[in-house]
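Both ligands and their constituent atoms are indexed starting at 1 by order of listing. Only this structure's heavy atoms are used, side chains among them; waters, hydrogens and symmetry mates stay out. Please read these numbers as outputs of a predicted model, since none were measured by experiment.
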Amino acid sequence: MGLKTKEDYFDSLRRLNLRLFMFGERIENIVDHPIVKPSANSVAATYELAQLPEHEDLLIASSHLAGERINRFTHIHHSRDDLIKKIKMLRLLGQKTATCFQRCAGMDALNTVSAVTFEIDREFGTDYHQRFNAFLSYVQKEDLVCSAAMTDPRGDRRLTPSQQKDPDSYLRVVDETANGIVIRGAKLHITGALNSHEIIVLPTRAMRPEDRDYAVACAIPSDSKGVSYIYGRQSCDTRKLEGGEIDVGNPDFGGQEALIVFDDVFVPRERVFMMGEHQFCSRVVEVFGAYHRSSYGGCKSGLGDVLIGAAALIADYQGTSQAAHIRDKLVEMTHLNETLYACGIACSAEGSELPSGGYLVDRLLANVCKLHVGRFPFEMVRLAQDIAGGLVVTLPSEKDYKHPELGQLLQKYLQGVPEIATEARVHILRLMENMTLGTGAVGYLTESLHGAGSPQAQRIMIEREANLEHKKQLARDIARVEQ
Ligand code: SF4
Ligand code: FE
């Protein structure tokens with residue numbers, strides 16, 4: 001098949017037979033549903049940009065398996081340059097969509113499974129890596145989107161998977177046949193679940209020997225028998241059902257999360273990449289965490305570029321752009337945003353080769369990156385709202401604006417500087433509302449906080465990777481002490 005166009009991608013989604021529920025109802029025409037469509041458009045941008053010669057360097061890579069041209073979202077990184085290009089690609093996509101474009105979680109999962117299956121095989125003599133490469137080759141040839149299904153419901157967080165009152169609180173293997181395994185459980189807030197062709201299931205935490213049945217990694221087609229999806233609501237999502245375009249803020253693009261239920265789903269053996277090797281669950285979590293935490297330095301700085309641009313525009317429209325404090329706030333936003341990007345680039349530039357031959361970002365710097373991502377967008381949102389003024393939350397609706405009588409009043413009283421149409425001001429304020437409070441805030445704020453692990457997970461990794469003993473020795477040497 002080779003590289004898909006945007007239209008090929010939409011056609012392929014239409015061929016999937018996904019069991020989706022939203023607002024208590026089964027949704028049949030998923031792709032064209034007004035709440036889903038913007039999220040599919042965001043993923044489609046990863047196909048569309050790959051077709052453009054000016055973005056080829058970032059979006060096209062060469063498969064290490066077949067040597068063919070593939071979309072970088074299906075690529076296994078084999079150099080620091082690959083890791084850096086990934087960050088640049090994600091920033092570009094963030095700039096073009098101003099939302100979560102969803103395809104990176106699967107890319108990071110592919111890279112994780114490639115690395116860890118190699119290491120499991122080396123330890124136990126299994127053949128997972130070969131199985132994975134066969135799957136990867138299919139994903140690359142068909143240019144597929146994979147979702148990364150990692151986070152389990154986790155029930156009582158004091159207990160391990162096997163200690164839970166409800167054994168399905170973590171996804172597990174409930175049966176094994178000659179040809180494969182049967183899995184049961186659920187995965188929460190799975191990014192781009194409905195826009196994916198494949199689901200890559202990964203363990204979400206370190207496991208003990210008694211948690212063996214929970215130590216499972218595999219891949220299944222997203223429309224496998226027994227798989228159901230329940231759509232995740234986003235703040236202001238039903239504005240997409242109103243038929244307008246101003247009030248949604250970002251009319252073309254959106255993000256998507258869903259809860260996936262696995263009700264005794266059969267997984268053929270060739271698609272099982274870990275089963276029972278509990279010793280490697282923490283390795284999966286660490287490697288995926290490092291990859292995905294670095295990814296945020298790319299995507300979130302791209303979103304930040306759009307927010308900074310909107311804040312600067314609204315200052316122009318309102319006649320405040322020359323005020324010293326507004327200029328300083330834009331400088332501060334830029335400083336915060338470029339710090340995120342710098343962290344994404346830094347952990348990539350300091351990446352190193354894995355036993356599998358793939359490349360992994362520097363783990364300490366990737367965790368520092370993500371810890372910043374959990375903070376700076378919130379500060380940038382505060383500054384953006386400060387620059388915008390109260391209208392960002394008190395603006396009348398699109399219908400008032402289009403009403404013959406009210407519209408005239410709003411034209412008159414919402415006018416900023418005379419050279420700028422009132423409508424432009426309203427559009428930009430709605431975009432800012434979307435990114436800071438509406439559907440877009442899911443990707444820009446809360447996902448920045450909790451996606452790829454909450455801040456405490458990064459702090460734990462930072463403590464682990466800090467190498468304090470080395471730093472103590474540096475201090476001893478300088479101070480001429482020996483203890
Ligand atoms: Fe990609 Fe960023 Fe969305 Fe994660 S949060 S899937 S890195 S766009
Ligand atoms: Fe994410």
Side-chain angles (χ1 to χ4, degrees), residues 38-47 49 58-59 71-75 77 83 85-112 145-151 187-196 198-200 202 204 232 234 250 253-258 260 285 288-307 337 340-341 343-345 347-348 361 366-367 369-374 376-377 435 439-455 457-458:
S39 72
N41 287 341
S42 307
V43 182
T46 70
Y47 289 95
L49 264 55
L58 293 186
L59 274 107
N71 191 300
R72 188 174 296 282
F73 280 94
T74 67
H75 183 51
H77 320 299
L83 294 169
K85 280 185 175 157
K86 177 187 94 164
I87 298 297
K88 292 184 179 213
M89 170 178 79
L90 301 191
R91 186 169 187 171
L92 174 70
L93 262 303
Q95 290 171 341
K96 299 289 186 193
T97 61
T99 190
C100 168
F101 38 89
Q102 308 145 54
R103 203 175 173 185
C104 347
M107 166 179 60
D108 293 336
L110 290 172
N111 276 274
T112 302
V145 179
C146 303
S147 65
M150 188 173 223
T151 308
K187 294 283 185 178
L188 299 188
H189 28 80
I190 302 309
T191 298
L194 281 314
N195 295 327
S196 299
E198 294 280 337
I199 308 172
I200 300 177
L202 298 171
T204 197
Q234 298 181 333
N250 183 350
F253 301 108
Q256 176 193 95
E257 268 81 25
I260 311 181
V285 175
F288 180 79
Y291 277 129
H292 206 47
R293 286 166 198 176
S294 75
S295 292
Y296 280 49
C299 77
K300 301 307 178 205
S301 57
L303 270 65
D305 288 328
V306 178
L307 187 63
N337 201 46
L340 302 184
Y341 180 61
C343 286
I345 293 292
C347 62
S348 305
V361 290
N367 280 278
C369 176
K370 178 64 203 344
L371 202 55
H372 282 329
V373 169
F376 292 176
M435 293 188 74
T439 54
V442 175
Y444 191 53
L445 292 180
T446 314
E447 192 177 36
S448 290
L449 191 65
H450 291 299
S454 308
Q458 285 108 63

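Partners of Y47 by ring-ring contact (aromatic ring centres under 6.0 Å, His included), not counting sequence neighbours, listed by chain and number: Y9. By the side chain to side chain contact (heavy atoms under 4.5 Å, CB included) test, H372 pairs with T339, L340, C343, V368, F376, sequence neighbours left out. Annotation: salt bridge (Lys or Arg N to Asp or Glu O under 4.0 Å) contacts of K300 (sequence neighbours excluded): E447.
Nearest heavy-atom pair across S42 and C100 is CB-O, 4.0 Å.
Between F288 and H292, the ring-plane angle classifies as parallel under the 30° and 60° cut-offs.
The side-chain heavy atoms of M89 and F73, taken from C-beta on, include a pair separated by under 4.5 Å.
Around atom 2 (Fe) of ligand 1, the protein N, O or S atoms closer than 2.8 Å are C299 SG, listed by chain and residue number.
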